[in-house]
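First the structure, in the form of structure tokens, and then the observations on it.
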Amino acid sequence: MKNIFIGGAWPYANNSLHIGHFAALLPGDVLARFFRKNGNQVLYVSGSDCHGTPITVRANKLGVNAKDIASHYDNEFRKNFEDLEFSYDLYTNTMTKEHENVVKNNLKIINNKGLFYTKTEKEDYCENCGKFISDREIKGICPICGAEADGDQCDKCLTTLTPSELKDKTCKLCGHKTVLKDNTHLYFKLSGCEQKVTDLFEKYKKYWRPTTVNETAKYLKEGLRDRAITRSLNWGIELPFDGFDDKRVYVWIEAVMGYLSAGEQAAKNLGINFEDFMHDKNTTSYYVHGKDNIVFHTIILPALLGAIDENISMPERIIASEYVNMGGDKMSKSKGNLITVNTLLANFDPDSIRYYFCLNNPEKRDMNFDLADYISIHNKHLVGGYGNFVNRNLSFLAKKFEGKLPALNLDAEVKTVVEKTYKEIKELFINGEIKEATTKLYDYVQYANKYYDTNEPWVLAKTDLEKFNKVTSNCLYLIANMANLYEPIMPKRTKIVSELLGFNSNNFEPVVYDANKTVCNVPLLFQRIEEDKVDMTKGAEATFQS
């Protein structure tokens, strides 16, 4: 049985999570839950990226300490993930001493291999602010597509940039034009890792989605360029080398090392030897994130991992999601078309939220979030499909038969359908195809409802009790396995149904209800949503208070 390492991308702790972040990270939790049920040893980790320049930019605007901003949103993220039933083995942040120690030790290892060098070059300096400014503190015009871009990446065409490539540069902090001055940085020889990264790409690209393959191929074709690992900041992890007192570790190298620091700590908490786990040839590593993080996980991360430890499990399965749009446009706070996770949680049930974003996950193309569509799917799939099937079977037994469950008398066809569904869903989950798995699960729900309607147990209860018991036992079997199959997606409802029917939901295999159980009080699994009662202004981010 394979070991499974799952790394969920580390969100920047500078603003509330929006639904695009959630859609990209949700597959990680679905996979973790599935693999645990499948009997695999799982390490599932993530954390808040607390040292990114966006945090210092916002802190400067608000006149507060960067740590206060980072801590505030780190706490908010933890609450969001807890409310949404994420099952991280460890969710941490980049401000911990454990993370700092891992980063510094790894930098020393890479340096000892001769993969770092110093370079003095012209860098943007803001005379008004009196300091060198980092790429994220610069805005200008992208030389590729002409859109406004930051100094490290154009969000429109996804091109990775250096500040020197931008046109018409200004300081984000004060709006003044920048000037160039000499500055010395430490660089990582990414170009020297190109062949190893290319070999990895050729080995694993068969598992990757088209956008991931295309983006990675584009960067490899252009040739990998060395990258600075330092930046002129006073917020972040200090360098373990002399001569860089005014610098901090650049977040692009520090954050991806978080998978190692978090993995090591999570393994320790679980009594697992992390080195053995990650060196085991039987370990498969999944990395789950949005498409704007593709190159960090298919190029930067494997280059760093190879430099640190050539025998470590490399990024094999890259689960990169496309964007979530609203009204056909990419979400933007300035455009007013952004929905936070807080707003979703203020209006909807966590299982409902998870279901919708699994069913519509932007795996291969952008998805467009539409409130009417959300409500329609919830009411049709969860209330009218899954919930109704459970309720009309169990409520009928409670009302007419004192809640007593008939002994199992399984139809061959029902048994075959259930076993086939497990096999299909298992394969889809292993391949990270959450959207298709969720679609097939709804096909299973439709099959169950059709079986019920065709056999008319409400009629059989009056005319043929023996046949009624057989049909009902098959419906109960379908319910139990419906809940078990859905557990990685909707864990709360599985817990409710498993307690009602007395089955163990810890394994990804067909389960049987306990015929000795009595079901008297049958709750409605899902409540119908009325659009006029939804308030999408609820839960919006409050003004940050220091």
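On a predicted model such as this, the values are computed, not experimentally measured, just so you know.
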Passes ring pair (Phe, Tyr, Trp, His ring centres under 6.0 Å), Tyr286 versus Phe35? Steps please. CA-CA 11 Å; Tyr286 286 72; Phe35 280 117; 5.4 Å; yes
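- If you look at Phe348 and Tyr374, their ring centroids are closer than 6.0 Å.
- In this structure, Asp280 and Gln41 have side chains that are not in contact, with every pair of non-hydrogen atoms separated by 4.5 Å or more.
- The side-chain hydrogen bond (donor to acceptor under 3.5 Å, both in side chains) test with Thr216 singles out one residue from Thr211, Thr298, Thr198, and that residue is Thr298.
- Ring to ring, Phe401 and Phe468 are close: their centroids are under 6.0 angstrom apart.
- For the residue pair Asp349 and His378, no side-chain donor N or O sits within less than 3.5 Å of a side-chain acceptor on the partner.
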Using the ring pair (Phe, Tyr, Trp, His ring centres under 6.0 Å) rule, take Tyr259 and His297 through it: C-alpha gap first, then chi angles, then the decisive distance, then the call. CA-CA 11 Å; Tyr259 294 120; His297 291 86; 5.6 Å; yes
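- Separation of the Phe277 and Phe5 ring centroids does not fall under the 6.0 Å cut-off.
- Heavy-atom neighbours of Lys426 NZ from other residues, nucleotides or ligands within 6.0 Å: at or below the threshold of 12.
- Electrostatic pairing of Arg365 and Glu322 does not count as a salt bridge here, judged by no charged N lying under 4.0 Å from a carboxylate O.
- Proximity of Glu413 to Asn474: side-chain heavy atoms (C-beta onward) are nowhere separated by under 4.5 Å.
- Applying the 6.0 Å contact sphere to NZ of Lys517 captures more than 12 heavy atoms from other residues, nucleotides or ligands.
- Salt-bridge annotation for Lys203 and Asp199: absent, with no side-chain N of the basic residue lying under 4.0 Å from a carboxylate O of the acidic one.
- The local environment of CG in Asn521 is sparse, with at most 12 non-hydrogen atoms from other residues, nucleotides or ligands closer than 6.0 Å.
- The local environment of CD in Glu427 is sparse, with at most 12 non-hydrogen atoms from other residues, nucleotides or ligands closer than 6.0 Å.
- Two residues are said to be in side-chain contact when any heavy atoms from C-beta on lie closer than 4.5 Å; Arg78 and Tyr88 fail this criterion.
- In the displayed structure, Lys218 atom NZ is contacted under 6.0 Å by more than 12 heavy atoms of other residues, nucleotides or ligands.
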